[in-house]
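Quick notes on the structure that follows.
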Amino acid sequence: MTYKHIRSLSRGIEVLRYLNTVDGAHPSDICRSLDLPRPTVHRILETLGELTLIYQGPFSREFRVSPKVRELAQSRDQFGLIRHAAWPAMHALTSQVVWPSDIAVPQDHAMLIVESTHRISSMSADIGMIGQSRPMLVSPLGLAYLSHCGDAARDAILDDLYATATADDAFADRATIERALGDGRRDGFVICHDLAHRRCASMAVPVRVGGDVVACMNVVWHAAELTFDEARDQLGGPLMAARDRVEESLRDLIPAAAPGPDGGPGWARLAA
């Protein structure tokens, strides 16, 4: 059975996602950013307010998301350590190179973006990156993870993805993917266009804890602005230095983390 799309629900979630990327917004900001009619935005804000998912500041009267939103995710941010460790280095990286950066973790055979500086970069037109996924085989984040994760994890992901691939898929040629992964292992990074966002290219590197890859971090630029060689020269060093700072921060944070479900070190659950 095919059910009718609930347009009002989609728009409400769209407004929540937008408010989650800014420090606060007036209804006019939401109308302009999401291209929604003013009456629609006011109805959505009224409903979200009644559900206590948003609130207005006492002085600016801007709308902001409330802690209730996090309760929808069971109040447990399993990626909190990574976000806490990554943000200072990512902020400094974007301040240095201007181009935005993301950090993503493997989830459901894709890379889930858990922190991003798109919202503070003057060179980005995207602000709602947190929570978006990038395909494992056609994104630098995914290829960087597969290049450096363990053999068992890589083989399991590739087998599952190729079991459902068709001849029309962009990654249908497994030999090409294997060559790309070999290049990533050799170079220590992956640099290519992002097929999920065709006007952009990015360079991605693995983030390791205890020898295991727990995340990947990138820097993103407009493909028309920099060639791959220029990006390597201008962005590669700052990206890797920022990655090193994230790894150092994680090493400082992880001894205080709760043990993993199998009683092992706390970092183990970050790589799950």
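Computed over heavy atoms, backbone and side chain alike; hydrogens, waters and symmetry mates excluded.
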Between [X] and [Y], which heavy-atom pair has the shortest distance, and what is it?
X    : Y    : value
V65  : Y55  : O-CE2, 3.3 Å
V41  : C31  : CG2-SG, 3.6 Å
H118 : S124 : ND1-OG, 2.6 Å
V97  : Q234 : CG1-O, 4.5 Å
R83  : I130 : NH2-CD1, 3.8 Å
V214 : I82  : O-CD1, 4.0 Å

I want to check something: taking the side chain as every heavy atom from C-beta on, are [X] and [Y] in contact at a cut-off of under 4.5 Å?
X    : Y    : answer
N218 : S101 : yes
M111 : P106 : yes
I103 : V114 : yes
H42  : P27  : yes
R119 : P100 : no
M217 : E115 : no
L16  : I54  : yes
L112 : F79  : yes

Residue that, paired with L137, satisfies side-chain contact (heavy atoms from CB on, under 4.5 Å) out of I177, L181, I157: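 Testing each of I177, L181, I157 against L137, the sole residue satisfying side-chain contact (heavy atoms from CB on, under 4.5 Å) is I177.
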
Within this structure, what is the [atom1]-[atom2] distance for the pair [X] and [Y], rounded to the nearest 0.5 Å?
X    : Y    : atom1 : atom2 : result
E50  : T47  : CD    : OG1   : 5.5 Å
W99  : M203 : CH2   : CE    : 15.5 Å
L34  : T40  : CG    : OG1   : 11.5 Å
R185 : L146 : CZ    : CG    : 9.5 Å
I30  : F63  : CD1   : CZ    : 7.0 Å
R199 : E225 : CZ    : CD    : 10.5 Å

Aromatic plane relationship, F228 with H193 - under 30° parallel, 30 to 60° tilted, over 60° perpendicular: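 If you compare the ring of H193 with that of F228, the planes turn out tilted.
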
Joint cluster assignment, L226 & V220, ILVMFWY side-chain distance < 4.5 Å: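 Different clusters: L226 never reaches V220 through Ile, Leu, Val, Met, Phe, Trp or Tyr contacts under 4.5 Å.
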
Aromatic centroids of Y145 and H109 separated by under 6.0 Å: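 That pair fails the under 6.0 Å test.
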
Hydrophobic cluster of W87, others only, ordered by chain and residue number, side-chain cut-off 4.5 Å: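 Same cluster as W87: I120.
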
Check the surroundings of atom [atom1] in [X]: do more than 12 heavy atoms from other residues, nucleotides or ligands lie under 6.0 Å from it?
X    : atom1 : result
R17  : CZ    : no
H84  : NE2   : no
E248 : CD    : no
D35  : CG    : no

So, does [X] use its side chain to make a donor-acceptor pair with the main chain of [Y] at under 3.5 Å?
X    : Y    : value
D29  : H26  : yes
S121 : T117 : no
R154 : C149 : yes
R243 : P206 : yes

Pairing residues for S202 by the side-chain hydrogen bond (donor to acceptor under 3.5 Å, both in side chains) criterion, not counting sequence neighbours: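 Applying side-chain hydrogen bond (donor to acceptor under 3.5 Å, both in side chains) to S202 gives none.
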
Residue pairs passing the salt bridge (Lys or Arg N to Asp or Glu O under 4.0 Å) test where at least one lies in residues 89-113, sequence neighbours excluded: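 Every pair satisfying salt bridge (Lys or Arg N to Asp or Glu O under 4.0 Å) with a residue in residues 89-113: there are none.
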
T176 and R179 side chains, donor-acceptor separation under 3.5 Å: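 T176 and R179 do have a side-chain donor-acceptor pair below 3.5 Å.
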
L45 and Q56: CA distance, side-chain angles, deciding distance, side chain to side chain contact (heavy atoms under 4.5 Å, CB included) verdict: CA-CA 10 Å; L45 292 174; Q56 284 184 287; over 6 Å; no

